[in-house]
Amino acid sequence: MFKKLDVRTKIIIVLCISTPAVLIQDPYILTAVFAVSILLSLFTGSNLKMVFKKLSNVWYIFLVLVLLQSIFSGSGQKLLSIGGLTILTAGGIIKGVEFVLRLMIIIISATIMTTSNHREIIQGLNQFKVPYEISFMVSVAIRFLPMLSSEIKNTLIAVQLRGIEIEKLKFFKRISLYRYIFYPVLINTVKKAQGISIAMEARAFRAYPYRTSYLILKFRAIDYFIIPVSFLLAISLILYYYFFD
Amino acid sequence: MSSLSGGLLGFIELKNVDFSYEGGMPVFENISLVFSGTGCTAITGPNGSGKTTLGKLMIGIIEPLNGSVLLEGKNLKNITPGQTGQKIGYLFQNPDLQLFTLNVRDELSFAGRFMGRSDGSIESEVDEMLRIFQLSRLQDRIPFNLSRGERQRLALACLIINSPGYLILDEPTTGLDSTGEKMLLDLLRSQIKNGTGLCVISHDNDFIKALGCRIIRIDKGKIVDKNV
């Protein structure tokens with residue numbers, strides 16, 4: 001049922017999940033929103049297993065984020081101090097957890113969009129009256145992200161295949177090596193962007209002010225149900241947090 | 001030599017390897033191959049037959065779904081890419097993937113600097129490579145701005161400078177003119193003569209014949225012919 005949702009409904013669901021996540025600063029409500037985002041991602045057919053696997057590779061970034069929040073937005077009971085510097089506070093940790101939850105909600109809810117193909121996303125945005133140039137750019141960006149990630153991974157392997165054992169390098173030498181990974185990635189990305197722009201020109205992109213489309217999206221009964229419910233729940237949650245909590 | 005069975009102890013061995021890309025059809029099903037550390041082996045076949053995938057499996061860029069790939073008897077899973085790179089030089093189909101610096105000269109000395117070699121020995125080897133690969137006049141240029149053939153030559157030079165015991169070259173003649181191809185041919189012949197093992201992935205039959213390689217022909221992920 002959810003898997004066949006119109007892409008415009010999915011865009012609205014993502015907005016209705018991520019907006020409260022940004023506006024609300026309550027760990028309990030954020031946890032509930034996080035749970036809802038996971039459920040909706042599963043219902044729409046996202047590959048959450050793969051997303052969590054990838055996120056588990058960068059768990060230490062989340063840990064650093066919690067620590068930074070705790071150091072710079074510390075409040076409440078002191079839990080750990082080194083010298084004169086307070087590292088961990090109860091309030092700081094809660095703020096850090098809120099920050100990570102917010103980030104996770106946005107990432108998980110965004111995976112809902114991956115269940116539609118790029119053609120549907122462009123058409124969805126077009127039927128929302130977003131100019132084609134912008135919807136096309138959004139679609140290209142969405143397609144570029146996995147390519148970019150795989151290019152970084154490949155470049156890292158290619159560097160090591162020169163016989164460099166990264167694990168054995170000293171910290172600063174390792175940092176200086178990572179600098180070299182960005183040259184090919186950046187240059188190849190620019191080259192790809194140039195190639196796309198030339199191909200677009202060659203195919204007369206924007207030659208005519210109006211475009212027709214073979215694919216026309218149509219809402220179904222489930223979309224007419226989900227859209228108002230999503231809006232209602234998101235607005236209620238925000239109002240509850242600001243006026244009744 | 002290369003063999004279809006895993007009975008021999010080879011330099012690189014693929015044992016009952018299955019592989020498919022994420023969400024795709026199987027590329028290889030239960031293939032076994034043995035590559036010895038000397039001589040020349042060519043992997044050939046039509047476009048999309050799995051030649052490059054086989055090369056990537058051999059070097060550990062991709063891992064088999066089932067089965068194992070062994071390098072000198074050790075499972076590639078247990079060896080870091082850095083250790084593999086010290087034994088095998090791998091030329092990517094797209095040389096842009098293995099150029100990292102903003103200067104041809106730096107590109108050649110790149111690995112040596114990170115492997116802790118002395119500046120003196122690196123510089124003399126860099127000069128030698130610049131001469132052999134006819135890159136001397138380009139030594140201050142940005143590698144990414146070179147022509148396809150020049151980038152290919154540079155990427156190859158970066159492999160040879162490390163003196164690996166085995167080379168896997170994916171479409172090494174792409175972008176090379178006849179002079180470049182002749183130079184590459186002579187260089188690879190001398191490498192083979194000096195005991196370096198070579199695996200050429202190519203559908204350039206003339207080049208393969210000129211090298212005198214043993215041939216493994218694959219099509220749709222299956223070994224259809226071998227001349228070993």
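A, B, ... follow the sequence lines: proteins, then strands. Residue 1 opens every chain.
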Engaged part of I161(B) at the chain A interface, taking heavy atoms whose separation is under 4.5 Å: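 Neither; nothing under 4.5 Å.
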
Side chain, backbone, both or neither: which part of T101(B) has a non-hydrogen atom closer than 4.5 Å to chain A?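 For T101(B), backbone and side chain are both near chain A.
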
Would you say [X] has more than 12 foreign heavy atoms packed within less than 6.0 Å of its [atom1]?
X: F128(A); atom1: CZ; answer: yes
X: F182(A); atom1: CZ; answer: no
X: F172(A); atom1: CZ; answer: no
X: R174(A); atom1: CZ; answer: yes
X: R179(A); atom1: CZ; answer: yes

Closest contact, heavy atoms only, [X] versus [Y]:
X: L161(A); Y: P81(B); value: CD2-O, 3.7 Å
X: F100(B); Y: P184(A); value: CD2-CG, 3.8 Å
X: A111(B); Y: R162(A); value: CB-O, 3.6 Å
X: K173(A); Y: F114(B); value: O-CE2, 3.5 Å

Starting at [atom1] of [X], measure out to [atom2] of [Y] and round the result to the nearest 0.5 Å.
X: I164(A); Y: Q83(B); atom1: CD1; atom2: CD; result: 13.5 Å
X: I157(A); Y: F92(B); atom1: CD1; atom2: CZ; result: 7.5 Å
X: Y183(A); Y: E107(B); atom1: OH; atom2: CD; result: 11.5 Å
X: N188(A); Y: L99(B); atom1: CG; atom2: CG; result: 9.0 Å
X: L177(A); Y: F110(B); atom1: CG; atom2: CZ; result: 5.0 Å

With side-chain hydrogen bond (donor to acceptor under 3.5 Å, both in side chains) as the rule and sequence neighbours excluded, what pairs involving residues 160-169 of chain B come up?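 Checked against side-chain hydrogen bond (donor to acceptor under 3.5 Å, both in side chains) - neighbours excluded - no pair reaches residues 160-169 of chain B.
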
What part of V185(A) gets within 4.5 angstrom of chain B, counting heavy atoms only: side chain, backbone, both, or neither?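 Looking at V185(A), nothing touches chain B.
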
Which atoms of K153(A) are under 4.5 Å from chain B, going by heavy atoms: the side chain, the backbone, both sets, or neither?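 For K153(A), there is no contact with chain B at all, as no heavy atom is under 4.5 Å.
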
Please identify, among I88(B), N94(B), L159(B), D96(B), the residue contributing the most non-hydrogen atom pairs under 4.5 Å to chain A.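 Top count of heavy-atom pairs under 4.5 Å with chain A: D96(B).
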
Between K168(A) and T80(B), does a side-chain contact (heavy atoms from CB on, under 4.5 Å) hold up when you go through it step by step? CA-CA 11 Å; K168(A) 287 188 180 170; T80(B) 64; over 6 Å; no

Max heavy-atom pair count under 4.5 Å with chain B, selected residue of L169(A), N154(A), L156(A), V159(A):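 Among L169(A), N154(A), L156(A), V159(A), the one with the most close pairs to chain B is V159(A).
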
